[in-house]
A.B. asks: 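The following block contains the structure, expressed as structure tokens.
All of these numbers come straight from a predicted model, not from anything done at the bench.
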Amino acid sequence: MKRDIGIGKSGLVLTMIVALAMTILVLLFRPVDIVAEPYGVCLPSPNQWELPFFLSWLINTLLIGGVTLILYLLNRGFNFVRTTEPALPAIFLLLTCSTPWCSQGLNTSTILCLVYVVSLGVIFNTYSVKNATQQLFVIGAIIGLGSMFQYAFVPMMFIVILWALFMKVFRLKEILAFFIGILCPYWIALGLGLIEFSDFRFPSIVPLFDNDHNHSDIILLIAQVGLAAAFGFILWIANSMKLYAGNSKVNAMNLCIASTGGAAMICMLVDYENLPAYIMILYMAVAVQLSNLCALWHIREQWLVTAIPGLVYILLFVGTLVL
């Protein structure tokens, strides 16, 4: 790694190797206990799918890699972080794979993050267009489908309205298209007989902080989430001063991402029993803020922006294995 240009491609490859090593250690040691209770509105949530452990881990690992790749391609296509430094995928991988709640097996956090990253790609194409009803409908349909399996999609869906405002497509027809899209999966499932009205229920919420969980696991989880939330908020304030004076479209895209991370923080505080569902969205937003730190403030030793948080989270990961 060259100190004056950041981690570069070699550093990104090293990060990928470290991230994969952490996921393999999670596969071998299974450091946290994931509850198998229903969190879906009318269908079983991912933690109830009873997949073989290795298959669940493999699918989840591939999806994490897919989310990372989409983030990288989104930035290549829309340039919302104006730097060639690959801090964004590197930081996201390190934060995610160091948290066993995200990397141990297929879970809501991975699926929720995948949905929102794909949705960001759709909404970024709507900036100031005259008609964005199709795009908002597609986003609504994807989020509506997800809400059938996990109620965590429900509070997060309202952030899309803010996206429409930031992307200058906040019009009645777009908002109606979005909510019609949300209802569409339910309408189709009911029409095909895949679900019945009797399947709708209030999700069963199992206390995350009960005595069945290892207290050290919970403490380390709170440390990982708390650090990400605190530094993400501080960096957002600092970066906003630079972004506000720059390109309006770049500012709008960053506002979409920052608002999504902020909504995840609020959901974690309000819906704290389902806190793990929102972790990867928070990590995605924090990775963007750290990447913007490199791009906006012209830090000479950019490799430290990836290395320092990466090292901290690797140490916290080690703590989940040994405590």
Side-chain angles (χ1 to χ4, degrees), residues 34-67 70 101-102 104-123 126 132-161 163-164 173-206 208 260 263-264 267 270-271 273-281:
I34 308 297
V35 297
E37 294 293 332
Y39 289 94
V41 173
C42 57
L43 292 172
S45 49
N47 59 311
Q48 286 191 300
W49 292 352
E50 298 182 354
L51 298 173
F53 188 82
F54 176 77
L55 179 61
S56 177
W57 170 87
L58 180 61
I59 294 173
N60 191 68
T61 301
L62 292 173
L63 288 180
I64 290 173
V67 172
I70 293 171
W101 299 86
C102 299
Q104 184 164 301
L106 187 61
N107 62 89
T108 298
S109 191
T110 303
I111 297 173
L112 191 65
C113 189
L114 176 63
V115 165
Y116 274 90
V117 170
V118 171
S119 298
L120 283 169
V122 175
I123 201 71
T126 68
T133 53
Q134 291 183 353
Q135 293 92 330
L136 269 294
F137 176 84
V138 169
I139 293 173
I142 296 172
I143 294 176
L145 178 62
S147 69
M148 300 172 75
F149 294 93
Q150 234 285 0
Y151 76 88
F153 282 85
V154 175
M156 290 297 294
M157 68 173 60
F158 294 102
I159 202 65
V160 177
I161 297 175
W163 290 1
K173 60 182 180 179
E174 276 80 5
I175 301 304
L176 286 176
F178 172 62
F179 283 107
I180 291 172
I182 290 173
L183 294 175
C184 190
Y186 291 93
W187 185 271
I188 293 173
L190 285 168
L192 294 177
L194 300 176
I195 59 174
E196 304 290 341
F197 283 107
S198 59
D199 294 325
F200 288 83
R201 59 183 179 272
F202 285 103
S204 173
I205 302 176
V206 177
L208 177 65
T260 306
C267 288
V270 176
D271 185 24
E273 301 293 9
N274 198 20
L275 181 150
Y278 309 100
I279 295 175
M280 280 181 62
I281 289 182

A.B. asks: Considering only heavy atoms from C-beta outward, does the side chain of Cys42 approach that of Phe197 to under 4.5 Å?
C.D. replies: no

A.B. asks: Heavy-atom distance under 4.5 Å between the side chains of Phe179 and Ile161, does that happen here?
C.D. replies: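 They are in side-chain contact.
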
A.B. asks: To the nearest 0.5 Å, what is the distance between CH2 on Trp101 and CG on Leu275?
C.D. replies: 9.0 Å

A.B. asks: Which value, rounded to the nearest 0.5 Å, describes the distance between Leu136 atom CG and Ile180 atom CD1?
C.D. replies: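 If I round to the nearest 0.5 Å, the distance is 11.0 Å.
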
A.B. asks: For Glu50, give me all partners under side chain to side chain contact (heavy atoms under 4.5 Å, CB included), at least two apart in sequence or on another chain.
C.D. replies: none

A.B. asks: Can you tell me how far apart CZ (Phe178) and CD1 (Ile139) are? Round to the nearest 0.5 Å.
C.D. replies: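 Going from CZ on Phe178 over to CD1 on Ile139, the span is 7.5 Å.
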
A.B. asks: Is it the case that Trp163 and Thr260 place a side-chain donor and acceptor less than 3.5 Å from each other?
C.D. replies: yes

A.B. asks: Sequence neighbours excluded, which residues qualify as ring pair (Phe, Tyr, Trp, His ring centres under 6.0 Å) partners of Phe158?
C.D. replies: none

A.B. asks: If you compare all heavy atoms of Ile159 against all heavy atoms of Met156, which two are closest, and at what distance to 0.1 Å?
C.D. replies: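 Scanning both residues, the minimum pair turns out to be CG2-O, 3.0 Å.
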
A.B. asks: Would you please test Phe200 and Ile195 for side-chain contact (heavy atoms from CB on, under 4.5 Å) and show each step?
C.D. replies: CA-CA 9 Å; Phe200 288 83; Ile195 59 174; 4.0 Å; yes

A.B. asks: Apply the test side-chain contact (heavy atoms from CB on, under 4.5 Å) to residues Phe53 and Gln104: give CA-CA distance (whole Å), side-chain angles for both, the deciding distance (0.1 Å), then the verdict.
C.D. replies: CA-CA 9 Å; Phe53 188 82; Gln104 184 164 301; 3.7 Å; yes

A.B. asks: Determine the minimum heavy-atom distance between Cys113 and Ile281, stating which atoms define it.
C.D. replies: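 Result for this residue pair: CA-CG1, 4.0 Å.
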
A.B. asks: Does Trp49, at its CH2 atom, have more than 12 non-hydrogen atoms belonging to other residues, nucleotides or ligands within less than 6.0 Å?
C.D. replies: yes

A.B. asks: Roughly how far, to the nearest 0.5 Å, is the CD1 atom of Ile111 from the CE atom of Met280?
C.D. replies: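 With rounding to 0.5 Å, CE (Met280) is 10.0 Å from CD1 (Ile111).
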
A.B. asks: Looking at Trp57, is its backbone amide N or carbonyl O close enough to the side chain of Thr61 to form a donor-acceptor pair, meaning the two atoms are under 3.5 Å apart?
C.D. replies: yes

A.B. asks: Compare every heavy atom of Val122 with every heavy atom of Thr126, then report the nearest pair and how far apart it is.
C.D. replies: CG2-O, 3.6 Å

A.B. asks: Please find the pair of heavy atoms, one from Ser109 and one from Tyr278, that lie closest to each other, and give the distance.
C.D. replies: OG-C, 4.3 Å

A.B. asks: Can you list every side chain to side chain donor-acceptor pair (under 3.5 Å) pair that touches residues 133-146, not counting sequence neighbours?
C.D. replies: Asn131-Thr133

A.B. asks: Roughly how far, to the nearest 0.5 Å, is CZ of Phe137 from CG of Leu176?
C.D. replies: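 Separation between the atoms: 12.5 Å.
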
A.B. asks: Hey, are the side chains of Leu43 and Asp199 touching, using non-hydrogen atoms and a 4.5 Å cut-off?
C.D. replies: no

A.B. asks: Could you pull out all residues at least two apart from Asn60 that satisfy side chain to side chain contact (heavy atoms under 4.5 Å, CB included)?
C.D. replies: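 Counting only residues at least two positions away or on another chain, Asn60 forms a side chain to side chain contact (heavy atoms under 4.5 Å, CB included) with Ile64, Leu106, Asn107, Thr110.
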
A.B. asks: Sequence neighbours excluded and cut-off under 3.5 Å, please list the side-chain donor-acceptor pairs for residues 141-150, or say none.
C.D. replies:
| unit_1 | atom_1 | unit_2 | atom_2 | d |
| --- | --- | --- | --- | --- |
| Ser147 | OG | Gly144 | O | 2.6 |
| Ser147 | OG | Tyr186 | OH | 2.6 |
| Gln150 | OE1 | Ala152 | N | 2.8 |
| Gln150 | OE1 | Asn274 | ND2 | 3.4 |
| Gln150 | NE2 | Thr108 | OG1 | 3.4 |

A.B. asks: Could you work out, with side chain to side chain contact (heavy atoms under 4.5 Å, CB included) as the rule, every residue matching Leu194, not counting sequence neighbours?
C.D. replies: Ala189, Leu192

